[in-house]
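Convention: sequence-line order gives letters A, B, ...; per-chain numbering from 1.
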Amino acid sequence: MREQIMNHTLSTVQIKPASRVPEFLRKKKRWNEILIQGFLFFCGFVSILTTIGIVFELGKESLLFFANPDVSLLEFFTNTRWQPSIGEFGILPLATSTLLTTLIAMIVALPVGLSAAIFLSEYASSKARSVLKPILEILAGVPTVVYGYFALTFMTPVLRGIFGEQNVEIYNTLSAGLVMGIMILPLVSSMSEDALTAVPRSLREAAYGLGSTRLETAVQIVVPAALSGIIAAFIIAISRAIGETMIVAIAAGSGSNFTFNPFKAAETMTGYIARISGGDVGYDTPDYNSIFAIGLVLFLVTLGLNILSRRLSAKYREVYE
Amino acid sequence: MNEYTDLAGESNTNLQKRHRDSKIWRTIFYASTAAAIIILAILILSIVNQAFGLVVLKNTVEPEKISSVPLEQLSSQDLIKILKKNLTSNRYKTIDRDMPFTARSQADLVDLVIAEVVKPTVVDSYHLDVSILHRNEIMARAAEKYPNGHVEFHSWLNPEFITRSMSSTPELAGVRTAIFGSLWIILITVLVAFPTGVGAAIYLEEYAASNRINKIIQTNIDNLAGVPSIIYGILGLAIFVRGLGYFTGGGFLGSGETGGRTILSAGLTMALLILPILIINAQEAIRAVPRSLREASYGLGATKWQTIWHHVLPSALPGILTGTILAISRAIGETAPLILVGASSFINRDPSSVFSRFTALPIQIYNWTTRPQDEFRNIAAAAILVLLVLLLSLNAFAILMRNRFTRRIS
Amino acid sequence: MIDHQTQTKPPIISAEDLCIFYGNFRAVKNVDMKIVPNQITAIIGPSGCGKSTVLRSFNRMNDFIPNCHVTGKITFHGHNIYDEDVDPVQVRQKIGMVFQKPNPFPKSIFDNVAWGLKINGMKGDLSEPVEQALKQAALWDEVKDHLKKSGLSLSGGQQQRLCIARALAVKPDIILMDEPCSALDPIATLKIEDLMRELSKDYTIIIVTHNMQQAARASDYTAFFTMDSDRAGVMVEYGETSHIFTNPQDKRTEDYITGRYG
Amino acid sequence: MIDHQTQTKPPIISAEDLCIFYGNFRAVKNVDMKIVPNQITAIIGPSGCGKSTVLRSFNRMNDFIPNCHVTGKITFHGHNIYDEDVDPVQVRQKIGMVFQKPNPFPKSIFDNVAWGLKINGMKGDLSEPVEQALKQAALWDEVKDHLKKSGLSLSGGQQQRLCIARALAVKPDIILMDEPCSALDPIATLKIEDLMRELSKDYTIIIVTHNMQQAARASDYTAFFTMDSDRAGVMVEYGETSHIFTNPQDKRTEDYITGRYG
Amino acid sequence: SPVFAAPAAEPTKAAEPTKAAVKEVELPEVDPSKLKGDIYSAGSSTVGPLSEAIQELFVQDGYTGEIKNDIIGTGGGFERFCKTGETDIANASRGIKDEEKANCAKLNPARNPIAFRVGTDAITIVVNKKNDFLKNVTTEELGKIFTTAEKWSDVNPKWPAQPIKRFTPGTDSGTFDFFAEFVIQKPQKLAKLDDAKKLLLNAKNTQASEDDNVLVQGVEGDQYAIGYFGFAYYQQQQDRLNAISINDIAPSFETAESGKYLLSRPLFIYSDAAILKAKPQVAGFINYYLTNVDKVIDKVGYFPASDEALNASKQALLDALK
Ligand SMILES: Nc1ncnc2c1ncn2[C@@H]1O[C@H](COP(=O)(O)OP(=O)(O)OP(=O)(O)O)[C@@H](O)[C@H]1O
Ligand SMILES: Nc1ncnc2c1ncn2[C@@H]1O[C@H](COP(=O)(O)OP(=O)(O)OP(=O)(O)O)[C@@H](O)[C@H]1O
Ligand SMILES: [Mg+2]
Ligand SMILES: [Mg+2]
Ligand SMILES: O=P([O-])([O-])[O-]
């Protein structure tokens, strides 16, 4: 029947050949719009330049480092000693202490941070939340040099008081790791809380509607639904811990040490970079080139974590309408 | 009917257990939150604890050795004579140039003699907790160890501390140069990062078609946000300090400076560092502008830029500013990149241009924690308080600004 | 208005002088309503008149809205569910709910249905009761071969039936439905309406709907709500659906039903 | 069905074999529709059948939805507005739009109306045209004493009329309205309907509505859309409103109008 | 003009003091308030505090220009002086090395470093306050302690069988180089300094830092720790650490002056004649430095250079300015 109408009308309406678009519809060239768009694109492109800069600089100097006949890639990843000035080029001691501090930090930050997030999003009244959240965010805003200072002047003495001076060295990875965990905690709780609050209320209502308690709803329904955001928070926390510099530079010690004992001093990758670049080493020495090689490793690791984070959170993301 | 008489579920042991679990975990969650907040309190208390406390002062020259009568009773002429006798001629001239001796009151001169000649110096210091709890022991010990010393309560955080420049003597050191250094760096950072960041955010949110290059840009920005700050330090060192040292050091202006360890390099490095954070925040703010507003504008025949400039940006501004201020707070506290870019450990002059060498508050704190004398630990704590106050006021400012703008819009 | 019916069977749930407040705002006032067991009761009325609010007060779902409070009484099998010593968790188990938008858990179809059983302490093999519930919800045939798939992968109408199955699994007495079809297409809507009819043999159903046709088609009793001049929702008329639609007693009901406003 | 009318007046805008896609999903297919000038045309149909999609294609508002694309033709005064060298900005100036939710700019009432003029290059004293537009939108009397107040401070109905005034100020030929009353109360709704009637003397109005009563009351022509089995929206029937409502030719139209579904 | 200070001629060890009266070299008096511009020094963490103290005096006496001092180790200081040419003055706790000089020569315009001796230091070996077995070591014991020995008992069976925790200045510090030379290389007659360094760095439980406070705190915090650094840092920390004597000689003004103390060493600042001419403020500052250093040096914690050495420095300055 529709066909009918159309055939009917088509034959009656004259279709003009639209050769030229009339003035009131014709396209205008708007130069300012084009220029602005160009500028804006450039702004976006700066980030690409930054990445290229990072990769290029780190890569270039790392090449110099690996071009050194004393350095072999195999040795770099397997040797357990790191003393570039005397030809010991094993990243392991730096890597293990980075691992150790990160691990300790995560043991603190992840469970406590997630618990706090659950409390804020599922239990706290909106009033309590509006007070508690900013306070936690202050904790996140404190510069890391302050945390480093806190680790050295407060946490270490406390640890030595607990475990005994003879057991805990003055510089130790435990203190640095714990304080790093404290520093990262608000990041975990804040991001996880965002993820939890983003879970639609309808899901909670569905759970309560089945006669579940608050705990069951929170842990069995809301947390799994927010998993993608929580995983992202966790991984970002890990990469923050790996990249954190000042706390370990101040409190973890300043000599590479291949150990898994958290009471001992051990220098992390970032700590090493900070110390060497703090001025004690000349350009074009193996030490100097080595900070770029370590920087490259650091960059690749955090990049990998970023990508992993996005992959995982995409995998666990649920789309609610 | 019977089963409904028990809506309270008292006979249902399973339900009771569930409620019990619920309570236990509630306590755990609550405790976690509380723990975080208690730690914050401990952190701040432990810093306050070191920024105040008793000190033992000892005079470099005992007043009795300068004059037989107490200084307060001397005439201005006598005091000036004492100064002339005890100071180097250059020092004497310098003070006179600041303000002629003859123009100073007698009380001022007494202070001057004390500061320049008697020079009481801190020989021992105690933390606040010890000062309060063990005051008597401290007094006794001080009396025994420093017979000529005297004990007084000292706030390491004081007005002079903020207005003085650096010194190798802790009680004479201040953070003025560092504050100015930080402010200059932030200025450069903001001038560079704000327009670029907002521009990039507008581009990505409003212009970018979903093609390959734009996807790469977006992914890249997300990735950069996770790159450790020390890597930016390495980048800054390699590019701004060394590669472009001729420009960032002002060499191209004929300043004669070589090397790029300047405010400009530090500011640019920080700008790159906060750029991704700023862009992501700004994107969120722009995204939060309701589509209806854009549609209203386009529906009237507005062009893209008119829509963005007149409607999207004003509405997104509070969010963008909040994000910017948060990014700035991050930049103010960053230490590692500045170490790499080459902050100075000792510098006596406030920076005067972007080509000045610099130090910054966190660098100062870091340096002081590495000095041997205990008193440097005290002023490091005082400097931390200054930094925290600065950060808190910035955040408060962000909140105020956000409220103001939100009010204006609604 | 509800005369002979109510006299013969005691109401399964009833509101007495119910007022519901959000903070100081009285959203609903002075509602008296007796729900007849094993029947479908529809609540209709213009937007904002408090239909959802009343419905949610029937299983204490409003507990989760800060500063929402209730005066008056709601008795379930003769007990006031707002009494001090009543456990709201228990109440919600007995009085299930289906929401406007299908809201399956981000779990497998099986787990969606089984979860309510698990938290209620049921152990062992749950496939029997899950199958049972899915059959009741007329979904079994469509999903039996992929119970492991996510509940979110289903179509809207299937999701809604999954939500109904989920509610049925914990064996409630009453099922509350808040505009269960408003997000569904016509065919899915009709399916749900058929299902409701089927379920009313074993359950009491209370449904809120915007759609008068739906109320007319699918319910035994209808309550018409509207807003008073103080914006508080009031119940204007309540009775057998056929009466209400053919012979409304109140001018406002008539205006609404004939589409003069709303 | 659109017979004598269309023959006498050429259509102001018309769709020819219009298909609209979101990515790969065809949301609307094969629509042919000629809009009669200076009349009110209503588009009705169940949710999701593509009413808004079609309406927004009439002034290239869909350009802003990524991966939305259009095939077929939409001619305005005989020119295909999707032609390469047509400026969509110009199109939107000629074909204004009013949205479902009132969306005044966060500016003063005056600036809301004046902004469209300003960006179109009008300079000097704008109070004359602003007053004109507000009067046309039947809002002048209510706001003339506080033109400086924020547009957001008005009530919902006033906001919607402000949006209409804003659209009128730039002197369009056609006004598209997407459920302009669905967020309003009955009294405000009636006001807008009266206004539309008034405006149709000078403008062509196309309105999308969910509310059949509204279409019946307020429009001259009605197009009924529904979803095909492939979820694509199709136009089922189009003609004079009185015909469509009293004598629908298609079973689906009839079912919809009599409330058998939707 | 004849340039003083060829590195080979540089005393790497504090010179024996000459009791014979030397003719005092008179430098023209400087008025800091008349000088303008900036002065940038960088280098040794040993000399750093001394330079800072002088800089402060200089400012108190009226200098209004900008002064900066970066503590980055002697090697780092020469890096900035000779390689990037950023600094006016390099602080050094050892003499300049040949390759560093070569770098200076490669600069454009080339720099020819001139050494100014400013004082004497005694590298001090420190142990924990609770350490009751170590009061004195021989050079040989010291060598073992910092290299091959794992436990204290490995060096001397009477000492406890506890691991040695070593805290040494960073590899780019003059202190480390000096220690390696006089404790390891010379006594063990090694051909290359690098071999000595290698021995030191290969030792277990070694924390190396440019930052002397890390060392102070490290030794203070561990009963079985040992470390070394400039005398100044020890002087500041006398109540937290114990200094031990080497070969029965304790570090002190006399033993350092006389050179009897094994680890006494000269402290320098370096500059260049062209800089001194181009930047009068730098020349003025060095003049002021040499004139006033003895007033503050003991407060900072070092020992004055011999009159002869100081005079030679003054003469070098005069020569450079000719
Ligand atoms: N959480 C809440 N806080 C405050 N007011 C609320 C809240 N929920 C609803 N209201 C108000 O209570 C009144 C009744 O709302 P309710 O949602 O019960 O209406 P409704 O009849 O279900 O409407 P609809 O048909 O739109 O769903 C409305 O005025 C609404 O604004
Ligand atoms: N931006 C979009 N991207 C993808 N699909 C869309 C988008 N907008 C609408 N659709 C889909 O296109 C179809 C038609 O949508 P449209 O909004 O035009 O329907 P409608 O008739 O206006 O419905 P309603 O009455 O709910 O407003 C729907 O299936 C919808 O899901
Ligand atoms: Mg509702
Ligand atoms: Mg629509
Ligand atoms: O900092 P140093 O003096 O050891 O080079």
Side-chain angles (χ1 to χ4, degrees), chain A residues 30 33 36-37 39-41 43-48 50-51 53-54 57-58 112 115-116 118-120 123 132 135-136 138-139 141-146 149-150 152-154 182 185-186 189 213-216 236 239 243 245-246 250 270 273-274 277-278 291-292 295 298-299 302-303 305-306, chain B residues 18-19 21-22 25-26 28-30 32-33 35-37 39-40 43 46 50 196 199-200 202-204 207 216-217 220-224 226-231 233-235 237-239 272 275-276 279 303-305 329 333-336 339-340 362 365-366 369 377 380 384 387-388 391 395:
Chain A
R30 295 184 170 86
E33 300 258 336
I36 287 168
Q37 185 170 354
F39 169 73
L40 296 176
F41 174 77
C43 291
F45 200 71
V46 167
S47 71
I48 300 272
T50 309
T51 307
I54 290 177
E57 284 299 337
L58 292 180
V112 181
S115 298
I118 294 177
F119 178 76
L120 287 177
Y123 290 86
L132 294 177
I135 293 183
L136 281 183
I138 293 178
L139 202 51
V142 174
T144 56
V145 62
V146 176
Y149 179 80
F150 180 67
L152 186 63
T153 61
F154 183 86
I182 293 169
L185 193 157
S189 72
T213 62
R214 237 179 228 279
L215 177 70
E216 287 154 356
I236 287 179
S239 83
T245 308
M246 293 319 292
I250 295 174
T270 50
I273 298 178
S277 58
I291 68 173
F292 288 87
L298 209 53
F299 177 74
T302 49
L303 185 73
L305 282 172
N306 277 331
Chain B
R18 285 166 61 200
H19 280 304
D21 285 354
S22 196
W25 278 95
R26 191 200 138 89
I28 292 174
F29 296 146
Y30 181 77
S32 297
T33 316
I37 284 161
I39 287 167
L40 178 68
L43 178 77
S46 83
Q50 300 180 48
T196 320
I202 294 175
Y203 176 75
L204 289 170
Y207 285 91
I216 292 177
I217 292 180
N220 185 49
I221 286 171
D222 296 342
N223 280 338
L224 282 181
V227 169
S229 55
I230 195 157
I231 303 276
I234 296 182
L235 180 72
L237 172 66
I239 293 190
L272 289 187
L275 203 52
I279 293 174
T303 63
K304 200 154 204 163
W305 182 245
S329 334
E334 275 294 348
T335 319
I339 294 182
L340 273 103
I365 293 166
Y366 178 54
T369 61
R377 224 68 41 73
I384 286 175
L387 184 61
L388 289 182
L391 284 173
N395 282 307

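- Taking both residues in full, the closest heavy atoms of B/R377 and A/Y149 are given as O-OH, 2.9 Å, listed atom of the first, atom of the second, then distance.
- At a 4.5 Å heavy-atom cutoff, the contact between A/I54 and chain B is made by backbone and side-chain atoms alike.
- More than 12 heavy atoms of other shown residues, nucleotides or ligands fall within 6.0 angstrom of atom CZ in A/F41.
- Residue B/L391 touches chain A through its side chain alone, counting heavy-atom pairs closer than 4.5 Å.
- Ranking A/G53, A/P143, A/C43 against chain B, the residue ahead of the rest is A/C43, based on heavy-atom pairs under 4.5 Å.
- To the nearest 0.5 Å, atom CZ of residue A/R214 and atom CD1 of residue A/I118 are 13.0 Å apart.
- Only the side chain of A/T245 comes within contact range of chain B, judged by heavy atoms closer than 4.5 Å.
- Heavy atoms of A/S47 lying under 4.5 Å from chain B belong to its backbone as well as its side chain.
- The aromatic rings of B/F29 and A/Y123 sit tilted relative to each other, their planes meeting at an angle between 30° and 60°.
- Interface remark: A/I135 contributes backbone and side-chain atoms alike to the contact with chain B (heavy atom separation under 4.5 Å).
- Counting heavy-atom pairs closer than 4.5 Å to chain A, the top residue among B/I239, B/L235, B/N220 is B/N220.
- No other option in B/V227, B/I231, B/I221, B/I216 has as many heavy-atom pairs under 4.5 Å with chain A as B/I231.
- By the 4.5 Å heavy-atom criterion applied to side chains, A/N306 and B/D222 are not counted as neighbours.
- Counting only heavy atoms from C-beta outward, the side chains of A/L215 and B/H19 never approach each other to under 4.5 Å.
- Annotation: maximal heavy-atom pairing with chain B below 4.5 Å, among A/L305, A/I291, A/L120, A/V46, occurs at A/V46.
- Heavy-atom pairs under 4.5 Å with chain A were tallied for B/N223, B/I234, B/T369; the largest tally goes to B/N223.
- Heavy-atom distances place no part of A/I236 under 4.5 Å from chain B, backbone and side chain included.
- Between A/L185 and B/A36, the shortest heavy-atom contact is CD2-CB, 3.7 Å.
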Which is it for B/R18 and A/E216 under the salt bridge (charged side-chain N to carboxylate O under 4.0 Å, His left out) test, yes or no, and what are the steps along the way? CA-CA 8 Å; B/R18 285 166 61 200; A/E216 287 154 356; 2.6 Å; yes
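- For B/P276, no part lies under 4.5 angstrom from a heavy atom of chain A.
- The side-chain contact (heavy atoms from CB on, under 4.5 Å) test applied to A/V142 returns A/V146, A/Y147, B/L43, B/L388, not counting sequence neighbours.
- Looking at every heavy atom in both residues, A/E33 comes nearest to B/T303 through OE2-OG1, 2.6 Å.
- Taking B/T196 as the reference, nothing meets the side chain to side chain donor-acceptor pair (under 3.5 Å) condition, with sequence neighbours excluded.
- When heavy atoms are compared at a cutoff of 4.5 Å, A/F299 approaches chain B by way of both its backbone and its side chain.
- Heavy atoms closer than 4.5 Å to chain A are found nowhere in B/N395, neither backbone nor side chain.
- The contact between B/I217 and chain A is made by backbone and side chain atoms together, counting heavy-atom distances below 4.5 Å.
- For a residue to count as touching a neighbouring chain, one of its non-hydrogen atoms must lie under 4.5 Å from one of that chain's; by this rule A/L152 does not touch chain B.
- In this structure, the portion of B/Q50 lying under 4.5 Å from any heavy atom of chain A is its side chain and not its backbone.
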